[in-house]
Asker: 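There's a structure below that I have some questions on.
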Amino acid sequence: MGDEVYLMNYIGGKFCPQTSDEWITNLNPATGDEICKVPISNSKDVAEAIKSAKIAHPSWSKLTHQERSVWLDKIANKLEEMFEEIAQLESTDTGKPISLSRSVDAKRSVANFRFFSEMIKNLKTEEFEMADATNYVIQKSIGVGALITPWNLPLYLLSWKVAPAIGMGNTVVCKPSELTPMTADLLMRAVHDIGLPAGVINLIHGNGAETGSQLVENSGIDFVSFTGGTVTGSKVASSAASSFKKLSLELGGKNSSIVFADCEIDKTVAGVVRSGFLNQGQICLCGSRIFIEEEIYDDFKSRLVDAVEDMKIGNPLDEETDLGALISREHLEKIKYYSNLALEEGGVLLTGGIPCLPKNLEKGNWIAPVVVEGLSHESRCSKEEIFGPIVTLHKFKREEDLIKMVNNTRYGLAGSIWTKDIEKGKRVSESIQTGMIWINTWLHRDLRVPFGGVKDSGIGREGGRWSLSFFSEPMNICIKHE
Ligand code: NAD
């Protein structure tokens, strides 16, 4: 096997090889070099992982919230020790700038465990008094969960599910994206090192069509928490429906950034560019359709194009890099397809799109960030999720027209509004069909608030008490007074 790295599943507290000899080759998005081989787990591996989670469930669920919160803190401490390793692995595996994988991915992965540890420690039993009886509501664990995650924020999103799921007494089988498996493997090393009871967290590697779908279908799974694309989410929902598995779906987005003429222009340009291009535009919350009030359109456009052209594209491991590589060759082809489609649909390319190949990284997946204007809000490019470094600019005059245009997409995840008039910001927010809006900021996260979308962006909410409620079953006990 030479120096090649072969990942293993983690089942029942042991790293173990998969049953088949089938592998996926995981490539570094920036260089095209091989990082590792990822096992394709089959139905036998899936069944083994679920069995081990089932065996671990009774004793794990009997621990008190306080006892489980101590385990979450131990995981957080271990991940904190591994902070730089998380950042390096995430940057190499995803192609994102190292500064981002430190400030967002590594930081949030630790914070997720700490945050849920604190919440669970302080959970109170709710009571409802009647004249002649007392009701009290306990939150019981559900059982064994399937946690399925995408490639754009690998450990950030996996830890966002694992922490509340096990914190509420469930045991889990994780299935990370086959494109970015490295930090899921790191999490298993961390829980192994701290001696988390065997079977509480299991991990199976593999693709979606085989491993992921077999996991969701398996009758041993009691609930599914899925984050990924809308088309996959629909398959997951159909498969989970036949046995009424509890289901949470965090899916795609096509989010608007709305710029009013009375905004603080410098801060707004910086905020809108960040929202369009952070992580190469590969965040479900990215604002890729930018609506600008007519009176400032030309000025705002030229400042925005200058700011986009100022971003430094290059080696993700360089501290000064602002934009890294796209996740895969296929994803690059998708972005090029939409970039060409924008022109066919009548758009005008203001910057980007040309192949951009940082020196010595010619085999990676590179493209200069794209800004397009002149497209109808009905065009495919301004309604479909592209999930890459492309933004479209649109002019608006009247608030009613703006709201119609913004709502004219199947998605409803997030958005941002930029104005000094907070009453107007709130009024417009409330007219938008979406799960989240930021006013004069973007991706400003308080972990206590509900996170999730409407329409084709998903079902349910994560975050704070919404996560705890999804990952548990409330049970009411009513005691009649003497
Ligand atoms: P994807 O849907 O292709 O894959 C997500 C995960 O599902 C992967 O682990 C994959 O292996 C697995 N999978 C694929 N087919 C499956 C099946 N039939 N059954 C079970 N599992 C299956 O998504 P992706 O390309 O990895 O991620 C990008 C998408 O994720 C974008 O649409 C983005 O908007 C969305 N996303 C949403 C959020 C959110 O919170 N709403 C956050 C991040 C990403």
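All residue numbers in this chain count up from 1 along the given sequence. In each ligand, atom 1 is the first atom listed, and ligand 1 is the first ligand listed.
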Asker: Check step by step if side chain to side chain donor-acceptor pair (under 3.5 Å) holds for T19 and D45.
Answerer: CA-CA 6 Å; T19 321; D45 307 306; 2.4 Å; yes

Asker: What heavy-atom pair brings L215 and I221 nearest, and what distance separates the two atoms?
Answerer: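 So the minimum-distance heavy-atom pair works out to O-CG1, 3.3 Å.
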
Asker: With no hydrogens and no angle check, do the side chains of S225 and K161 hold a donor and an acceptor under 3.5 Å apart?
Answerer: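 Yes.
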
Asker: Considering only the protein, which heavy-atom contact is closest to atom 20 (C) of ligand 1, and what is its distance?
Answerer: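 Checking every protein heavy atom, the shortest distance to atom 20 (C) of ligand 1 gives G212 C, 3.2 Å.
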
Asker: With heavy atoms of T232 as the reference, note each atom of ligand 1 found under 4.0 Å away.
Answerer: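 That gives atoms 1 (P), 2 (O), 3 (O), 13 (N), 14 (C), 15 (N), 16 (C), 17 (C), 22 (C) of ligand 1.
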
Asker: Closest by any non-hydrogen atom to atom 13 (N) of ligand 1: pick that one out of A146, P154, G233, G208.
Answerer: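 That would be G208.
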
Asker: Can you report which non-hydrogen protein atom sits closest to atom 12 (C) of ligand 1, along with the distance?
Answerer: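 I find the closest protein heavy atom is I148 CG2, 3.7 Å.
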
Asker: With heavy atoms of F451 as the reference, note each atom of ligand 1 found under 4.0 Å away.
Answerer: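 Reading through ligand 1 atom by atom, the close ones are 40 (O).
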
Asker: Less than 3.5 Å apart, any donor N or O on the side chain of T230 or D456 sitting next to an acceptor on the other?
Answerer: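 Result is no, nothing qualifies.
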
Asker: Side chain, backbone, both or neither: which part of V236 comes within less than 4.0 Å of ligand 1 when only heavy atoms are counted?
Answerer: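 It is the side chain that gets close, since no backbone atom is under 4.0 Å.
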
Asker: Return a yes/no value for K235: is any of its N or O atoms, backbone included, closer than 3.5 angstrom to an N or O of ligand 1?
Answerer: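 K235 vs ligand 1: no N/O contact under 3.5 Å.
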
Asker: What protein heavy atom lies closest to atom 37 (C) of ligand 1? Include the residue and the distance to one decimal.
Answerer: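 For atom 37 (C) of ligand 1, the nearest protein heavy atom is L251 O, 3.2 Å.
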
Asker: If we only count N/O pairs under 3.5 Å, is T149 in contact with ligand 1?
Answerer: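 It does: an N or O of T149 is found under 3.5 Å from an N or O of ligand 1.
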
Asker: Heavy-atom pairs closer than 4.0 Å: do any link ligand 1 to the side chain of L153, the backbone, both, or neither?
Answerer: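 No part of L153 comes within reach of ligand 1.
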
Asker: For ligand 1, indicate whether the residue S457 contacts it via side chain, backbone, both or neither (heavy-atom separation under 4.0 Å).
Answerer: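 S457 to ligand 1: no contact under 4.0 Å from either part.
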
Asker: Centroid-to-centroid, F470 to W160, below 6.0 Å?
Answerer: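 Aromatic pair excluded; centres sit 6.0 Å or further apart.
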
Asker: By number and element, which atoms of ligand 1 are closer than 4.0 Å to a non-hydrogen atom of N152?
Answerer: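 Near N152, meaning under 4.0 Å from one of its heavy atoms, ligand 1 has 43 (C), 44 (C).
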
Asker: Check the pair K175 / T149 against side chain to side chain donor-acceptor pair (under 3.5 Å), numbers first and verdict last.
Answerer: CA-CA 7 Å; K175 211 302 277 167; T149 45; over 6 Å; no

Asker: To which protein heavy atom is atom 28 (C) of ligand 1 closest, and what is the distance rounded to 0.1 Å?
Answerer: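 Heavy-atom neighbour on the protein nearest atom 28 (C) of ligand 1: F387 CE2, 3.6 Å.
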
Asker: Counting from 1, what ligand 1 atoms have a heavy atom of T227 closer than 4.0 Å?
Answerer: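 With T227 as reference, the close atoms of ligand 1 come out as 5 (C), 37 (C), 38 (C), 39 (C), 40 (O), 42 (C), 43 (C).
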
Asker: Which of these, G228, C284, G252, P150, has its nearest heavy atom closest to atom 35 (C) of ligand 1?
Answerer: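 Among G228, C284, G252, P150, the closest heavy atom to atom 35 (C) of ligand 1 belongs to G228.
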
Asker: May I ask you to list the atoms of ligand 1 that are less than 4.0 angstrom from any heavy atom of S177?
Answerer: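 Once the distances to S177 are compared, the set is 9 (O).
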
Asker: Does a donor on one side chain and an acceptor on the other come within less than 3.5 Å for Y338 and E384?
Answerer: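 Yes, E384 and Y338 have a side-chain donor paired with an acceptor closer than 3.5 Å.
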
Asker: How about S20 and N42: does a side-chain donor come under 3.5 Å of a side-chain acceptor?
Answerer: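 N42 and S20 do not have a side-chain donor-acceptor pair below 3.5 Å.
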
Asker: Where is the nearest protein heavy atom to atom 25 (O) of ligand 1: which residue, which atom, and how far?
Answerer: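 Nearest neighbour among protein heavy atoms for atom 25 (O) of ligand 1, to 0.1 Å: W151 NE1, 2.9 Å.
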
Asker: Name the residue from T183, N112, D105 that meets the side-chain hydrogen bond (donor to acceptor under 3.5 Å, both in side chains) definition with S159.
Answerer: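 Result for side-chain hydrogen bond (donor to acceptor under 3.5 Å, both in side chains) with S159: N112.
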
Asker: So, for atom 4 (O) of ligand 1, does the protein have a heavy atom nearer than 4.0 Å?
Answerer: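 It does not: no protein heavy atom is found less than 4.0 Å away from atom 4 (O) of ligand 1.
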
Asker: How does E385 reach ligand 1, by side chain, by backbone, by both or by neither, if only non-hydrogen atoms under 4.0 Å count?
Answerer: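 Side chain only.
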
Asker: Can you list the ligand 1 atoms lying under 4.0 Å from a non-hydrogen atom of P176?
Answerer: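 Counting atoms of ligand 1 from 1, those under 4.0 Å from P176 are 9 (O).
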
Asker: Pick one: which of E4, K37, E34 meets side-chain hydrogen bond (donor to acceptor under 3.5 Å, both in side chains) with T25?
Answerer: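 Looking at E4, K37, E34, the match for T25 under the side-chain hydrogen bond (donor to acceptor under 3.5 Å, both in side chains) is K37.
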
Asker: List ligand 1 atoms under 4.0 Å from G229, heavy atoms only on the residue side.
Answerer: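 By the 4.0 Å cutoff, the relevant atoms are 1 (P), 2 (O), 23 (O), 29 (C), 30 (O), 32 (O).
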
Asker: Minimum heavy-atom separation for C36 to P181, with atom names?
Answerer: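 Smallest interatomic distance, heavy atoms only, reads SG-CG, 4.2 Å.
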
Asker: Would you please say whether a donor-acceptor pair under 3.5 Å links the side chains of S256 and R289?
Answerer: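 Side-chain D/A pair, S256 to R289: present.
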
Asker: Counting from 1, what ligand 1 atoms have a heavy atom of E178 closer than 4.0 Å?
Answerer: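 Numbered from 1, ligand 1 contributes 10 (C), 11 (O).
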
Asker: Taking it one step at a time, do R114 and D73 satisfy salt bridge (charged side-chain N to carboxylate O under 4.0 Å, His left out)?
Answerer: CA-CA 6 Å; R114 289 241 187 279; D73 274 333; 3.6 Å; yes

